[in-house]
Amino acid sequence: MYELIDGKQLAASMRVEIAENVKKFAQKNGRQIGLAVVLVGDNPASQVYVNNKIKACEQVGIKSFAYYLPADTQQDKLEDLLKELAESSAVDGILVQLPLPGHLDSERALKLIPTEKDVDGFSAENIGKLAMNSESLVACTPNGVMQMLASKNIETRGKKAVVVGRSNIVGRPMALLLINADATVTVCHSRTKDLKKECLEADILVAAIGKAKFITADMVKKGAVVIDVGINRDENGKLCGDVDFENVKDKCSYITPVPGGVGPMTITMLMYNTYLAAVRRG
C-alpha cells in the first residue's frame, strides 16, 4: 500500500514556521524582508506563477516588489532595473520569471543578480557551491523535494536514486542534492540508452522530464519512492505529472500527486530562500 507525500500540507506547515521567523527578523532588524519579482511580457502561465509568489509573500509577511514590464522591453531597460534592485537595501531577493521573451538574453540578465540575492538558486556561483556541498541558496524545486523526503523520514544514504531530466532548474541541482545526501545517483535524459532498465533500479525515482504520464508502471520497481516534478496537461486538458499516477501508485512505497505535490513546495522554498538571504545580509 502506497503513502501519499502531500506537498500542500507540508508547504502550509512550513509557511507557518517561515512566517514566525520573518516576524522575528523584522522585530530584531527593524525592517521587513523584501522580494523583488520581475515579469516581462504577458505569458499567462508566468502571470499565474508570479501572482502565486506574491500571495505567498503576503502570507508569510515578506514585502513583495512586483515589476511588470511590457513584452517589447529592451535588454538595457531590463538590465537597468536589475542593477537598481541589486543595489537596493530594501530588496533581499530578486527573481526574474522565466522564460523571458525570445529577443532578450536571459543569461546576461540573470548574471546581474548578486549571488546573495539569487533566491532562485540558478546562478553559476550557487550551483557551484551546491556541487561543492558548501552553503548556498539552493534551487527551490529540488530543495522542496528534499524537504518532502525528510518529512517522511525517507532514507537517502546508500540508496540508488534516478533523476529523469537534466535541466539546470531541476535535474542537475536535484542530482547534486541527492549526492550530498549520500545517495548513489544516476541522471537520465533523452540520450540514455535503456531508460526503463535504469528506472527499474531506482529506490528513489525523480521524474522531471516535462512529458505527460511518461513514467509508466513497467518502469518502476516495487516499493520505490516516486517523486513527480512534472506539470503537464493530459489528452483531456487535465493537470497531470510526468508519472502515470493511477497505474504507478500501487507499486510505490511513497508517491507525490500532481497537483498538490512538489508544486506548493517550490514557492514555499522560495519564501525560505528569501528569509535566508535576508538573515545572511543582516
Side-chain angles (χ1 to χ4, degrees), residues 1-15 43-53 55-56 97-99 120 139-152 154 161-175 177-178 187-190 195-196 199 202-221 223-271:
M1 183 64 186
Y2 70 93
E3 190 178 334
L4 214 57
I5 309 179
D6 187 336
K8 209 172 173 182
Q9 194 179 10
L10 179 60
S13 65
M14 282 188 72
R15 285 188 198 191
N43 178 313
S46 292
Q47 285 176 332
V48 169
Y49 290 136
V50 165
N51 290 339
N52 287 342
K53 286 164 186 173
K55 273 184 203 160
Q97 186 63 45
L98 300 174
D120 259 334
C140 301
T141 299
N143 204 3
V145 170
M146 296 306 289
Q147 296 296 326
M148 293 174 92
L149 294 173
S151 75
K152 295 293 182 184
I154 294 166
V162 173
V163 180
V164 185
R166 55 176 168 180
S167 74
N168 290 338
I169 293 170
V170 180
R172 291 171 197 259
M174 186 76 254
L177 279 166
L178 286 162
V187 179
C188 297
H189 43 78
S190 57
L195 181 61
K196 182 178 169 181
C199 290
D203 300 309
I204 300 168
L205 179 61
V206 182
I209 204 165
K211 291 182 180 175
K213 300 181 183 178
F214 182 82
I215 303 293
T216 49
D218 62 343
M219 298 168 79
V220 178
K221 180 170 84 171
V225 175
V226 176
I227 306 287
D228 191 349
V229 179
I231 298 178
N232 312 289
R233 297 272 175 191
D234 66 11
E235 59 281 2
N236 303 313
K238 194 180 166 197
L239 265 185
C240 70
D242 289 355
V243 176
D244 182 4
F245 182 87
E246 285 306 319
N247 294 310
V248 167
K249 64 183 183 186
D250 291 318
K251 290 189 82 174
C252 305
S253 53
Y254 293 92
I255 188 168
T256 63
V258 176
V262 176
M265 288 300 296
T266 298
I267 294 180
T268 299
M269 297 319 293
L270 173 67
M271 297 301 107

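Quick note: residue numbers are just sequence positions, from 1. Bear in mind that the values here come from a model prediction, so they are computed numbers and not experimental data.
- With V164 as the fixed residue, the side-chain contact (heavy atoms from CB on, under 4.5 Å) test singles out one of I215, V206, V187: I215.
- Scanning for side-chain contact (heavy atoms from CB on, under 4.5 Å) contacts around D218 gives K196, T216, with sequence neighbours left out.
- Of all heavy-atom pairs spanning A212 and C240, the tightest one is CB-SG, 3.6 Å.
- The salt bridge (Lys or Arg N to Asp or Glu O under 4.0 Å) test applied to K213 returns D234, not counting sequence neighbours.
- Dense packing is recorded around CZ of F245, with more than 12 heavy atoms of other residues, nucleotides or ligands lying under 6.0 Å away.
- Contact between A224 and A202 at its shortest, heavy atoms only, is CB-O, 3.6 Å.
- Take R172 and apply the side chain to side chain donor-acceptor pair (under 3.5 Å) test, not counting sequence neighbours, and it matches N168.
- Take K152 and apply the salt bridge (Lys or Arg N to Asp or Glu O under 4.0 Å) test, not counting sequence neighbours, and it matches E3.
- With respect to L205, the side-chain contact (heavy atoms from CB on, under 4.5 Å) criterion is satisfied by exactly one of I255, D228, V220, V243: V220.
- Among residues two or more places apart in sequence or in another chain, the side-chain contact (heavy atoms from CB on, under 4.5 Å) test is passed with L239 by I231, R233, P259.
- Considering only residues two or more places apart in sequence or on other chains, E235 meets the side chain to side chain donor-acceptor pair (under 3.5 Å) condition with none of them.
- Side chains of M269 and M14 form a contact here, defined as non-hydrogen atoms less than 4.5 Å apart.
- Atom CG of L10 is separated from atom OG1 of T268 by 7.5 Å, given to the nearest 0.5 angstrom.
- Among residues two or more places apart in sequence or in another chain, the side chain to side chain donor-acceptor pair (under 3.5 Å) test is passed with Q9 by none.
- For the atom pair CD1 (I169) and CE (M174), the distance works out to 14.5 Å, reported to the nearest 0.5 Å.
- Every residue two or more places apart in sequence or in another chain was checked for a salt bridge (Lys or Arg N to Asp or Glu O under 4.0 Å) with K251, and none qualifies.
- Of all non-hydrogen atoms in C188 and L195, the two that sit nearest each other are CB-CD1, 3.4 Å.
- When all heavy atoms are compared, the tightest approach of M219 to C199 is O-CB, 3.2 Å.
- Separating the CD1 atom in I227 from the CE atom in M265 is a distance of 10.5 Å, to the nearest 0.5 Å.
- Under the side-chain contact (heavy atoms from CB on, under 4.5 Å) criterion, T141 pairs with V170, V229, V262, T266, not counting sequence neighbours.
- Taken to the nearest 0.5 Å, the CD atom of Q47 stands 12.0 Å off from the CG atom of N52.
- Applying the side-chain contact (heavy atoms from CB on, under 4.5 Å) rule to S253 yields the partners V225; only residues at least two apart in sequence or on another chain are considered.
- Under the side chain to side chain donor-acceptor pair (under 3.5 Å) criterion, D242 pairs with N232, not counting sequence neighbours.
- Scanning all heavy atoms of the two residues, the minimum distance from C252 to V226 falls at SG-CG2, 3.5 Å.
- For S46 against L98, the heavy-atom pair with the smallest separation is OG-O, 3.9 Å.
- Looking at residues two or more places apart in sequence or on another chain, you find no salt bridge (Lys or Arg N to Asp or Glu O under 4.0 Å) involving K55.
- Side chains of V145 and L178 form no contact here, defined as non-hydrogen atoms less than 4.5 Å apart.
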